[in-house]
Amino acid sequence: QVQLVESGGGLVQAGGSLRLSCAASGRTFSMYKMGWFRQAPGKEREFVAAVTRPNDNTYYADSVKDRFAISRDNAKNTLSLQMNSLKPEDTAVYYCAAGRYSGSYTYTYGYGYWGQGTQVTVSS
């Protein structure tokens with residue numbers, strides 16, 4: 001069982017940066033693949049980034065590649081998303097997710113645990 005709590009969202013101007021964090025409970029955090037998803041109003045939840053197990057490979061949606069960076073600290077049970085060069089189209093609620101099994105890291109069904117989300121708003 002994993003519980004996830006996101007933090008770090010807020011309002012930022014276009015071109016700015018934000019760092020999201022996700023605190024995870026449980027002693028087996030290092031065994032889970034972790035991902036960030038986002039959902040804008042009226043749109044479906046979409047994949048943003050993932051870090052998989054066991055090699056901590058990272059994957060990004062094309063829309064955020066070279067601007068966002070996902071990282072995990074297994075000793076602290078935390079997942080982070082550094083977001084740079086933010087654009088108004090990045091505005092969404094961002095969710096942290098954990099999945100026990102490998103594969104399907106870009107799909108919501110690949111993750112069994114979700115946080116409550118944190119709002120990111122980018123003004124133009």
Side-chain angles (χ1 to χ4, degrees):
Q1 190 79 5
V2 177
Q3 292 184 323
L4 306 170
V5 179
E6 303 96 335
S7 61
L11 173 64
V12 64
Q13 288 188 331
S17 299
L18 279 176
R19 186 176 181 86
L20 304 184
S21 295
C22 174
S25 66
R27 293 176 293 177
T28 58
F29 172 77
S30 62
M31 299 173 65
Y32 289 76
K33 68 175 184 284
M34 301 296 297
W36 287 98
F37 287 73
R38 66 187 182 186
Q39 188 166 18
K43 294 187 177 181
E44 298 206 350
R45 195 169 296 189
E46 66 174 6
F47 169 74
V48 174
V51 54
T52 61
R53 300 299 294 154
N55 298 319
D56 286 347
N57 292 328
T58 57
Y59 301 89
Y60 298 92
D62 288 342
S63 59
V64 306
K65 200 172 295 182
D66 299 326
R67 298 189 298 123
F68 290 11
I70 188 172
S71 61
R72 68 189 298 163
D73 185 334
N74 292 329
K76 296 182 179 179
N77 279 17
T78 58
L79 178 74
S80 298
L81 185 69
Q82 178 66 42
M83 305 186 295
N84 300 325
S85 302
L86 283 161
K87 305 175 181 179
E89 51 263 44
D90 294 319
T91 295
V93 177
Y94 283 70
Y95 297 90
C96 171
R100 181 62 183 89
Y101 303 102
S102 61
S104 302
Y105 55 87
T106 65
Y107 298 97
T108 56
Y109 62 72
Y111 299 83
Y113 304 96
W114 294 84
Q116 82 289 350
T118 186
Q119 177 70 47
V120 172
T121 303
V122 184
S123 63
S124 57

J.: What closest approach, in Å, do Leu18 and Val12 show between heavy atoms, and which atom pair accounts for it?
T.: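 Shortest heavy-atom separation between Leu18 and Val12 comes out as CD1-CG1, 4.0 Å.
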J.: Kindly give the heavy-atom pair with the smallest separation between Asn74 and Asn77, and that separation in Å.
T.: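 Heavy-atom minimum between the residues: O-OD1, 3.2 Å.
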J.: Checking Gln82 against Ser71 for the side-chain contact (heavy atoms from CB on, under 4.5 Å) test, could you report, in this order, the C-alpha distance in whole Å, the side-chain angles of both residues, the deciding distance, and whether it holds?
T.: CA-CA 8 Å; Gln82 178 66 42; Ser71 61; over 6 Å; no
J.: Run the numbers on Val64 and Arg38 for side-chain contact (heavy atoms from CB on, under 4.5 Å), then give the verdict.
T.: CA-CA 12 Å; Val64 306; Arg38 66 187 182 186; 3.9 Å; yes
J.: So how far is it from Met34 CE to Leu79 CG, rounded to the nearest 0.5 Å?
T.: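 Between Met34 CE and Leu79 CG, I get 4.5 Å after rounding to 0.5 Å.
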J.: When rounded to the nearest 0.5 angstrom, what distance separates OH in Tyr107 from CD in Glu46?
T.: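 So the gap between those two atoms works out to 13.5 Å.
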J.: Do you know the tightest heavy-atom contact between Trp36 and Ser80?
T.: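 Heavy-atom minimum between the residues: NE1-O, 3.4 Å.
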J.: How long is the straight-line distance from CG of Asn57 back to OG1 of Thr52, given to the nearest 0.5 Å?
T.: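 One gets 4.5 Å once the value is rounded to the nearest 0.5 Å.
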J.: For Phe37, enumerate each residue passing the ring pair (Phe, Tyr, Trp, His ring centres under 6.0 Å) test, keeping only those at least two apart in sequence or located in another chain.
T.: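 Applying ring pair (Phe, Tyr, Trp, His ring centres under 6.0 Å) to Phe37 gives Phe47, Tyr111, Trp114.
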J.: Closer than 3.5 angstrom, by distance alone: can the side chain of Glu6 be matched with the main-chain N or O of Cys96 as a donor-acceptor pair?
T.: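 Flag set: sc Glu6 to bb Cys96 pair under 3.5 Å.
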J.: Quick check: closest heavy atoms across Ala24 and Val2, and the distance to 0.1 Å?
T.: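 Looks like CB-CG1, 4.2 Å.
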J.: When you measure from the side chain of Ser104 to the backbone of Gly110, do you find a donor-acceptor pair of N or O atoms at a distance under 3.5 Å?
T.: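 Not confirmed, Ser104 side chain does not pair with Gly110 backbone.
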J.: Between Leu86 and Phe68, is any pair of side-chain heavy atoms under 4.5 Å apart?
T.: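 Heavy-atom side-chain distance check passes, below 4.5 Å.
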J.: Nearest 0.5 Å, what's the CG-OG distance between Asn55 and Ser102?
T.: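 Going from the CG atom of Asn55 to the OG atom of Ser102 covers 11.0 Å.
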J.: Is any side-chain heavy atom of Tyr59 less than 4.5 Å from a side-chain heavy atom of Thr106?
T.: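 Result no, sub-4.5 Å side-chain heavy-atom pair not found.
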J.: Could you pull out all residues at least two apart from Ala49 that satisfy side chain to side chain contact (heavy atoms under 4.5 Å, CB included)?
T.: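 If we apply the side chain to side chain contact (heavy atoms under 4.5 Å, CB included) test to Ala49, skipping adjacent residues, the hits are Tyr60, Ile70, Leu81.
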J.: What do you reckon, is CD of Gln119 surrounded by more than 12 foreign heavy atoms closer than 6.0 Å?
T.: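 Yes, CD of Gln119 has more than 12 neighbouring heavy atoms, counting only those of other groups under 6.0 Å.
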J.: Is it possible for you to check whether Arg72 lies under 6.0 Å from the centre of the six-membered ring of Phe29, through NZ or CZ, and within 45° of that ring's axis?
T.: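 Judged by the rule (NZ or CZ under 6.0 Å from the ring centre, within 45° of its axis), Arg72 counts as positioned above Phe29.
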J.: Going hydrophobic residue to hydrophobic residue with side-chain gaps under 4.5 angstrom, can you get from Tyr105 over to Leu20?
T.: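 No, it is not one cluster - the side chains of Tyr105 and Leu20 are not joined through contacts under 4.5 Å.
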J.: A side-chain contact here means heavy atoms from C-beta on lying under 4.5 Å apart; do Ser21 and Lys76 qualify?
T.: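 Result no, sub-4.5 Å side-chain heavy-atom pair not found.
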J.: For the NZ atom of Lys33 and the CG atom of Asp56, what is their distance to the nearest 0.5 Å?
T.: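 It comes to 13.5 Å.
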J.: Do any N or O atoms from the side chain of Arg53 and from the backbone of Ser30 form a donor-acceptor pair under 3.5 angstrom?
T.: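 Yes; at least one donor-acceptor contact below 3.5 Å.
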J.: Between Tyr113 and Val51, is there a shared hydrophobic cluster once you connect ILVMFWY residues whose side-chain heavy atoms come closer than 4.5 Å?
T.: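 Both belong to a single hydrophobic cluster.
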J.: Nearest 0.5 Å, what's the OG-CD distance between Ser124 and Gln13?
T.: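 Answer rounded to 0.5 Å: 9.5 Å.
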J.: Tyr95 and Met83: same hydrophobic cluster, using ILVMFWY side-chain contacts below 4.5 Å?
T.: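 No; Met83 is not reachable from Tyr95 via cluster members.
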J.: Are the side chains of Arg67 and Asp90 in touch, meaning some heavy atoms are under 4.5 Å apart?
T.: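 With C-beta onward as the side chain, the pair touches.
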J.: Step through the shown structure and confirm whether more than 12 heavy atoms of other residues, nucleotides or ligands are within 6.0 Å of CD on Gln116.
T.: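 Check passes, neighbour count above 12.
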